[in-house]
Amino acid sequence: MILLIQYTLIFASVLTLVALGGCFSEHSGVINLGLEGVMVMGALGGALMLKNMAGKPFVLIVLSVLAASALAGLLYTILLAVACINFKADQTLVGTALNILSTAAATVAVKALNMAENPDNVSSTIAYGPAKKAFIVKIGRFQFNWCMAVAITALIIAFVVLYKTKFGLRLQACGENPQAADSVGINVYKMRWAGVLISGALGGLGGIVYITAGVSEWKFETGVAGFGFLALAVMIFGQWKPINIGLAALLFGFFRALSNVYSGFDFLARLKLPGSIYNMMPYIISLIVLAFTSRNSRAPKAEGIPYDKGSR
Amino acid sequence: MSGKKRFLEYGAVQAILAAVLCIIAGLFIGFIVLLLINPAGAWNGIVTIVKNFLNYPSKPAALKYLGNTLVKTAPLLMCALSINFCYKTGLFNIGAAGQYVVGAGACLYAALGLKMPWYVCILFAMVAGALWGCLVGLLKAYANVNEVIAGIMLNWIGLYLVNMLLSRVKEQASPYTEQISAVNSAALLPTMGLDTLFTKNKYVTLAVPLAILIAIVIWVVLNKTLFGYEVRATGFNKEAARYAGMNEKRNVVLTLVIGGMLAALGAAFLYLSGYEQWSCTQSSVPAMGFNGIAATFLGGLNPIGTIFSSYFIQHITSGGSYLDKSIYPSQISDLITAIIIYLCGFVLFFKLSLNKYLAAKKESASGRNREEGGKAS
């Protein structure tokens, strides 16, 4: 039971971080379908840092790893921002390109690094092993992970920034009605860049939390298994509002956690369902949830439409 | 003013120009990555990728491996056509990957489990793909679910389902499905003598010409039929299409059903040739559906152009496997493909700028002497 709560919280943290990323980007008016890829890049940056920092004091490890993954995610979304904001590219196409690019690039990078270290090692796996213990504080049998604290902090900051600051309100204006925002002197391009870059940093953080959640090594060929898209589903279910996103993330996190720990429950184990059923669960749930919540969606009105100063 | 169009003003010329630029830029970035990993072999590496089957010095061997590339081009082309067709309605069918997966599951189970002949297996695949596409379409049309997110979810659901289903017909000692040729050779696609053209490459089947034929049919349907017109009209402006009396919800569902069928047919083309076996433990969705996106956009969203772009994408993907694996990872090809998809995002902007430039030039030229303005740049 404790294990289930622990996994639920950690997966909910991932979903919260990434969904908040999507939330910032969409409120500025850009659909970031590349979050899946951003997660992979963040995971790559964080994992490399984690591997190099092994043996250092834990505060240093935690901070540097989080910084590395956020930075990796942020740098990677520059590709999306340039294409979608300045060159008015199709946001769906570019987002998809980023997803495909990230897995390929991460695989090539990790393989090249592994081969440089040891010519016989042609795998795309990074083992960070014991270093990830830095993130964990044991409270009884429950393993508290610092990432949970990061997710909650991000949630509170996101709420304050979006609703209580000038920046947040301006950002949302650019996603609702960019022409009106422009007419009162807000630089729409700048705000959208800000929204997209924030989504990159948050997505990157989500990436490192995801790969360190259950295992101590990661094979980058597999990417992050649709988690970036689950986060988008969480964002839609949460109606683009931070607090609702946090709650939605708990629900989805629970179903994802089940697939890790179902064998520990007697009544579930007795059903003898194949493991694949539990693996499918989060995706099925999200489809059902989306089917019921998308009709009255409160998506930012101008999202997905490139802003052109000349048109009105 | 109206007169003859200048060479650069033709849509087809612009599309080809854009595609060539994307390819060159993609290969160039791939080359830089090779340089970063190991400068000594970089040039050889990129040449190896581009040469693909020509790496074999003997002509029969090269022909045989050209056949292998074609065998994998057919499914890629089908996935690309699926995405292309749906994109005309304004739908981004990233679920093609999942429709491909369920197609593979259905045809392999029909072949290995139910021992059906090949044409029934194809039918199974098409029904499964249509169903998978239909789900996305219904969700999109009646519940307003973003088709990309629904597609991705169904990709994963499909993968786990197919892994479960095909575990029942897998080999005892390996995670792979049984070989069709050993269990039920009636399920293999007929070669119709095509194998002799490619140095007895038995995997070259009816699928290759059929895929090209389907591409042409899709072009005709899109451009010469009422349904195709409605599809394109819905893509241009959904509200206008509805106002003109078109049933846009039905068209959305129907397009995705057809898209699903096409992608699933692609899977049948590959797996019923016996070229590959399904691995029941695979934990990621096959790349075929995603590479289809590259082929679609590289082909300028034109079914005929897609034939060539699909071949090119498969050509460099196959070429990647000839890289010296002790120096370079073969995924360099995937990287180049991904970069090409990314660059395709800039094509619209490129065309706009080009047209603006041409129009400005024309205007200034019409002011001046005629003969001066007539020269192409």
Participant: Using every non-hydrogen atom in the two residues, find where A:Ala89 and B:Gly345 come nearest and quote the distance to one decimal.
Facilitator: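 Reported closest heavy-atom pair: CB-O, 3.1 Å.
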
Participant: With a 4.5 Å cut-off on side-chain heavy atoms, are B:Ile152 and A:Leu230 touching?
Facilitator: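 Not touching, per the 4.5 Å side-chain cut-off.
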
Participant: Could you please spell out the steps behind the side chain to side chain contact (heavy atoms under 4.5 Å, CB included) verdict for A:Leu101 and B:Ile341?
Facilitator: CA-CA 9 Å; A:Leu101 182 61; B:Ile341 307 181; over 6 Å; no

Participant: Checking B:Ile327 against chain A: side chain, backbone, both or neither under 4.5 Å from a heavy atom?
Facilitator: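 Only the backbone of B:Ile327 comes within 4.5 Å of chain A.
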
Participant: Please identify, among A:Asp90, A:Thr293, A:Thr96, A:Leu113, the residue contributing the most non-hydrogen atom pairs under 4.5 Å to chain B.
Facilitator: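 Of A:Asp90, A:Thr293, A:Thr96, A:Leu113, A:Thr96 has the most heavy-atom pairs under 4.5 Å with chain B.
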
Participant: State, to 0.1 Å, how close A:Ser294 and B:Ala143 come at their nearest heavy-atom pair, and which atoms those are.
Facilitator: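 Residues A:Ser294 and B:Ala143, closest heavy atoms: CB-O, 3.2 Å.
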
Participant: Mind listing the closest non-hydrogen atom pair of B:Phe349 and A:Asn86 along with its distance?
Facilitator: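 Nearest heavy atoms, B:Phe349 then A:Asn86: CE1-O, 4.2 Å.
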
Participant: I need the minimum non-hydrogen distance between A:Leu80 and B:Tyr342, along with the two atoms involved.
Facilitator: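 In this case the closest contact between A:Leu80 and B:Tyr342 is N-OH, 4.5 Å.
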
Participant: Can you name the one residue among B:Leu36, B:Asp334, B:Ile332 that meets side chain to side chain contact (heavy atoms under 4.5 Å, CB included) with A:Val108?
Facilitator: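 Of the listed residues B:Leu36, B:Asp334, B:Ile332, the side chain to side chain contact (heavy atoms under 4.5 Å, CB included) partner of A:Val108 is B:Ile332.
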
Participant: Between B:Ile37 and chain A, with a heavy-atom cut-off of 4.5 Å, which part of the residue counts as in contact: side chain, backbone, both or neither?
Facilitator: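 Contact with chain A is through the side chain of B:Ile37 alone.
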
Participant: Measuring heavy-atom distances to chain A, does B:Val33 have an atom under 4.5 Å in its side chain, in its backbone, in both, or in neither?
Facilitator: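 Side chain of B:Val33 only, per the 4.5 Å heavy-atom cut-off to chain A.
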
Participant: Identify the two heavy atoms, one from B:Tyr160 and one from A:Met280, that lie closest to each other, and give their separation to 0.1 Å.
Facilitator: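 Answer, listing the atom of B:Tyr160 first, then A:Met280: CB-CG, 3.5 Å.
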
Participant: Side chains of A:Ile277 and B:Met164, heavy atoms from C-beta outward: is any pair under 4.5 Å?
Facilitator: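 Side chain of A:Ile277 against side chain of B:Met164, heavy atoms only: contact under 4.5 Å found.
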
Participant: Mind checking the CZ-CD1 spacing from A:Phe229 to B:Ile94? Nearest 0.5 Å is all I need.
Facilitator: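 Spacing of CZ (A:Phe229) from CD1 (B:Ile94) equals 5.0 Å.
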
Participant: Using a cut-off of under 4.5 Å on heavy-atom pairs, state which of A:Ala225, A:Pro282, A:Gly95, A:Ala233 scores highest against chain B.
Facilitator: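 The option with the most such pairs is A:Ala225.
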
Participant: Could you give the distance from OG1 (B:Thr337) to CD1 (A:Ile100), rounded to the nearest 0.5 Å?
Facilitator: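 Spacing of OG1 (B:Thr337) from CD1 (A:Ile100) equals 9.0 Å.
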
Participant: Under 4.5 Å heavy-atom distance to chain A, tell me which part of B:Leu139 shows up: side chain, backbone, both or neither.
Facilitator: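 Contact with chain A involves the side chain of B:Leu139 alone.
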
Participant: Given heavy-atom pairs under 4.5 angstrom as the criterion, report whether the side chain, backbone, both or neither of A:Thr92 touches chain B.
Facilitator: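 For A:Thr92, backbone and side chain are both near chain B.
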
Participant: Among the options A:Asn99, A:Ile284, A:Thr222, A:Leu98, pick out the one with the most heavy-atom pairs lying under 4.5 Å from chain B.
Facilitator: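 Of the candidates given, the most pairs with chain B belong to A:Ile284.
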
Participant: Where on A:Ile236 is there a heavy atom nearer than 4.5 Å to chain B: the side chain, the backbone, both, or neither?
Facilitator: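 Contact with chain B is through the side chain of A:Ile236 alone.
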
Participant: Let me confirm one number: the CE-CD1 distance from A:Met235 to B:Ile149, rounded to the nearest 0.5 Å.
Facilitator: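 Interatomic distance, A:Met235 CE to B:Ile149 CD1, rounded to 0.5 Å: 6.0 Å.
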
Participant: State whether the number of non-hydrogen atoms from other residues, nucleotides or ligands found under 6.0 Å of A:Lys219 atom NZ is greater than 12.
Facilitator: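 No, NZ of A:Lys219 has 12 or fewer neighbouring heavy atoms, counting only those of other groups under 6.0 Å.
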
Participant: So for B:Phe290, is it side chain, backbone, both, or neither that comes closer than 4.5 Å to the heavy atoms of chain A?
Facilitator: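 Both parts, backbone and side chain.
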
Participant: Please state whether the side chain, the backbone, both or neither of B:Ser283 comes within less than 4.5 Å of a heavy atom of chain A.
Facilitator: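 Looking at B:Ser283, just its side chain touches chain A.
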
Participant: With only heavy atoms counted, which part of B:Phe297 is less than 4.5 Å from chain A, the side chain, the backbone, both or neither?
Facilitator: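 Side chain only.
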
Participant: Would you mind reporting whether A:Leu287 and B:Leu154 have side-chain heavy atoms less than 4.5 Å apart?
Facilitator: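 They are in contact (side-chain heavy atoms under 4.5 Å apart), so the answer is yes.
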
Participant: Less than 4.5 Å apart, side chain to side chain, heavy atoms only: is that true for B:Leu348 and A:Lys88?
Facilitator: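 No, their side chains stay 4.5 Å or more apart.
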
Participant: Chain B heavy atoms under 4.5 Å from A:Leu33: which part of the residue, side chain, backbone, both or neither?
Facilitator: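 Contact with chain B involves the side chain of A:Leu33 alone.
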
Participant: Are A:Leu93 and B:Tyr87 packed together at the side-chain level, in the sense that at least one heavy-atom pair is separated by less than 4.5 angstrom?
Facilitator: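 When only atoms from C-beta onward are counted, B:Tyr87 and A:Leu93 do not touch, as no gap falls below 4.5 Å.
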
Participant: Applying side chain to side chain contact (heavy atoms under 4.5 Å, CB included) to B:Val148 and A:Leu232, what does each step give before you reach the verdict?
Facilitator: CA-CA 11 Å; B:Val148 176; A:Leu232 287 174; over 6 Å; no

